[in-house]
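Throughout, residue positions are numbered sequentially from 1 according to the sequence presented. As the structure lists them, so they are numbered: ligands from 1, and atoms in each ligand from 1.
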Amino acid sequence: MDKIRTPSLFPQRKKQKRLHPPISLSSCEVKFSELVIFIMERKMGVTRRTFLMELARRKGFRVENELSDSVTHIVAENNSCAEVLEWLRGHKIRDSSRFELLDISWFTACMEAGKPVDSEKKHRLMVSQILQSYPATSDTPESETSSFVAGTVSQYACQRRTTLNNCNKKFTDVFEILVENYEFRENAVSCLAFMRAASVLKFLPFTIVRMDDLEGLPCMGSEIRNVIEEIIEEGESSQANDVLTDERYQSFKLFISVFGVGLKTSEKWYRMGFRTLEEVKADKTLKLSRMQKAGFLYYEDLLSRVSEAEADAVSLIVKDAVRTFLPDALVTITGGFRRGKKIGHDVDFLITSPELGQEEEVLHKGLLLYYDLIESTLEQAKLPSRKVDAFDHFQKCFAILKLHLQRVDTSSCDTSKESDKTEVKDWKAIRVDLVVSPFEQYAYALLGWTGSRQFERDLRRYATHERKMMLDNHALYDKTKKIFLKAKSEEEIFAHLGLDYLEPWERNA
Ligand code: DCT
Ligand code: MG
């Protein structure tokens, strides 16, 4: 219940008589400099707006006459979020994410309190996620803007437009630590619960500031709520802090940071008493796989993550190399970079061609520092796999590519004798995944390899539970009609599933 009685405090129609003498901005001391308010005149009128501005200034708030760059809070009365966004667009402002868009009820609460109050959900002008992150253009139909209703948030990530604009990072970062730890301890139930909850929080167009904000949202069980509550109240999670100092977590985290080391090997090394990578490397009796040897050899480079510029450079090389052998090949970047991420742990590619046959040649000698080729098992594939996390049957190659960096500036050391001996490393090892798909499965492969993982999981779960269909990276099977549904594009697959199309950058669940 909103207990604030707006009319009694601020008459909608102010009488001509001024309640207070006009106060100039300079005569009021700004007490709350952390926020800068702009009050919209639209539907409010000049007189009421002037009155409210003066009142706020007298109470120590900073209120701007114009919508300047410093404005942080926009207050509107009797305007929907869509109307405010439209008005902003009219003022050449396309990115509304730098403002809090608030109803007059928030302003009223501040005036009553005599200080800024946290904006609650009821105060915020909400809009669907797509418009929060990708401000509408003037030709976006009004119908696309809608109020945020928690009860309508789907439990499936494939029905939520999730961009990289995460308002709840402080919660999801903690959840990621807990998820990892549950993974290391093979607690699949809690692992999944926190992954799903993190995905819902990433979707929200606002920051959770109180427990009430969770009302109506899916995937918010008591285990999740307890963690959120502690973060709201204490600013941190004791559970996550415990995990971060846990010996098993720390060791596993180190071990899996080596390319080729998964949970099984980590478990083994931990049981053998190893706690650091130095200890592992020092044990000469240990048999490392080829992949793990490469992982240790290029450890620093692989740990340093891949930038967008590096991914672009790798993309050129891969396209060039692939087209040497398959001139009409289609090479598409997938994974995180296709979803708009600026950084990744690898670069993923999907390769197809109307005439396949020589795909092994993709493994251009001299280009790859390491590769592990996994032959296609397509002939074994029948119905789409029932397993949500199952591997597909495509021929794929987990590789490490030698990326030559721009010429390194050696001018400072070219006269010293020492420098002659110092080899300047002018390349970086980059993890690359190459997946080769038959032409007719390309759309399914692209959808499957674009991710995110949570998006893929929920897409399959949705197909199974809501549509009685089976989906994997190769095909979609309708169990009722007993037919495979063909698709030439991702859009067609979404349509087969009866889902609204989500762009790759809206799949960051
Ligand atoms: N994928 C999947 N299930 C898996 C592994 C991968 O659905 N078990 C899909 C989703 C993403 C894509 O393959 C590429 O995988 P990653 O490279 O691991 O993920 P990413 O989103 O590209 O993230 P990163 O930036 O860390 O590479
Ligand atoms: Mg990737």
Side-chain angles (χ1 to χ4, degrees), residues 156-158 162-164 166 172-173 176 179-180 183 188 191-192 195-196 198-199 202 253 256-264 291 295 301-312 314-315 318 331-351 372 374 384-401 403 429-437 441-464 470-476 490 493 502-509:
Y156 298 108
C158 54
T162 311
T163 66
L164 289 166
N166 177 4
T172 57
D173 282 353
E176 252 157 50
V179 162
E180 263 180 334
E183 235 173 347
C191 188
L192 196 59
M195 285 195 291
R196 286 191 183 153
S199 176
K202 283 181 190 172
K253 185 96 178 130
I256 58 154
S257 72
V258 180
F259 172 54
V261 178
L263 285 186
K264 246 203 218 144
M291 208 183 234
D301 276 5
L302 300 185
L303 196 66
S304 78
R305 318 267 256 147
V306 186
S307 71
E308 203 183 14
E310 287 164 347
D312 288 342
V314 168
S315 184
V318 170
V331 182
T332 312
I333 230 173
T334 59
F337 286 107
R338 183 163 185 249
R339 301 197 308 276
K341 277 175 66 177
K342 302 282 175 228
I343 205 152
H345 93 278
D346 66 358
V347 197
D348 307 286
F349 291 94
L350 180 63
I351 302 164
D372 186 22
I374 294 167
S385 168
R386 281 173 194 283
K387 287 192 205 137
V388 173
D389 276 326
F391 238 46
D392 58 43
H393 298 274
F394 297 126
Q395 182 199 40
K396 55 183 82 66
C397 175
F398 304 119
I400 299 174
L401 184 136
L403 177 66
I430 308 254
R431 270 276 299 113
V432 172
D433 281 354
L434 305 169
V435 179
V436 182
S437 96
Q441 296 182 7
Y442 177 73
Y444 286 101
L446 182 61
L447 181 61
W449 276 87
T450 296
S452 68
R453 284 167 193 237
Q454 192 55 35
F455 174 86
E456 301 296 338
R457 272 189 212 106
D458 280 5
L459 195 61
R460 291 173 193 200
R461 198 161 60 90
Y462 177 86
T464 307
M470 291 160 84
L471 172 74
D472 68 7
N473 291 358
H474 305 277
L476 179 63
E490 291 180 313
I493 306 173
L502 300 194
E503 296 285 354
W505 54 89
E506 294 168 336
R507 301 179 205 161
N508 284 291

Handout entry: All salt bridge (Lys or Arg N to Asp or Glu O under 4.0 Å) counterparts of Arg196, not counting sequence neighbours
Key = none

Handout entry: Option with minimal heavy-atom separation from atom 1 (N) of ligand 1, where the choices are Lys342, Arg338, Arg453, Arg305
Key = Arg453

Exercise for the section: Go around the Mg ion (ligand 2) and count every protein N, O or S atom nearer than 2.8 Å. Expected result: 2

Exercise for the section: Answer yes when Arg460 and Asp458 have at least one side-chain N-carboxylate O distance shorter than 4.0 Å, and no when they do not. Expected result: no

Problem - Nearest heavy atoms of Val306 and Ala311, plus distance in Å - result: CG1-N, 3.9 Å

Practice task
Look at the side chain of Arg339 and the backbone N and O of Thr450, then say whether any donor-acceptor pair between them is shorter than 3.5 Å.
Solution key: yes

Exercise for the section: Ignoring angles and geometry beyond distance, decide whether Lys341 reaches within less than 3.5 Å of ligand 1 through its nitrogen or oxygen atoms. Expected result: yes

Practice task
Apply side chain to side chain donor-acceptor pair (under 3.5 Å) to Asp372 and list each qualifying residue two or more places apart in sequence or on a separate chain.
Solution key: none

Practice task
Scan Leu302, Val432, Asp346, Ile430 and name whichever one has a side-chain contact (heavy atoms from CB on, under 4.5 Å) with Ile400.
Solution key: Leu302

Handout entry: Partner residues of Ile256 under the side-chain contact (heavy atoms from CB on, under 4.5 Å) criterion, sequence neighbours left out
Key = Phe184, Ser266

Practice task
Please determine if Ser452 has a nitrogen or oxygen closer than 3.5 Å to a nitrogen or oxygen of ligand 1.
Solution key: no

Completion exercise
Here the atoms of ligand 1 under 4.0 Å from any heavy atom belonging to Gly451 are 10 (C), 11 (C)

Problem - Residue Gly336 vicinity, atoms of ligand 1 by number, heavy atom under 4.0 Å - result: 20 (P), 21 (O), 22 (O)

Practice task
Show the numbers, then the answer: is there a salt bridge (Lys or Arg N to Asp or Glu O under 4.0 Å) between Glu310 and Lys342?
Solution key: CA-CA 10 Å; Glu310 287 164 347; Lys342 302 282 175 228; over 6 Å; no

Handout entry: Atoms of ligand 1, numbered as shown, that sit under 4.0 Å from any heavy atom of Asp348
Key = 14 (C), 17 (O), 22 (O)

Completion exercise
Numbered in order shown, the ligand 1 atoms found under 4.0 Å of a heavy atom of Glu456 are 7 (O)

Practice task
Say whether Asp433 and Trp449, considering side chains only, have a donor N or O and an acceptor N or O under 3.5 Å apart.
Solution key: no

Handout entry: Atoms of ligand 1 close to Gly344 [distance to a heavy atom under 4.0 angstrom, numbered from 1]
Key = 25 (O)

Exercise for the section: Considering the heavy atoms of Gly448, write down every atom of ligand 1 situated less than 4.0 Å from one of them. Expected result: 7 (O), 9 (C), 10 (C)

Handout entry: Asp346 N/O under 3.5 Å from ligand 1 N/O
Key = yes

Exercise for the section: Pull out every atom of ligand 1 sitting under 4.0 Å from any heavy atom of Arg339, numbered as shown with elements. Expected result: 21 (O)

Handout entry: Distance (rounded to the nearest 0.5 Å) between Tyr442 OH and His474 NE2
Key = 15.5 Å

Exercise for the section: State whether a side-chain donor-acceptor pair under 3.5 Å links Tyr444 with Ser437. Expected result: no

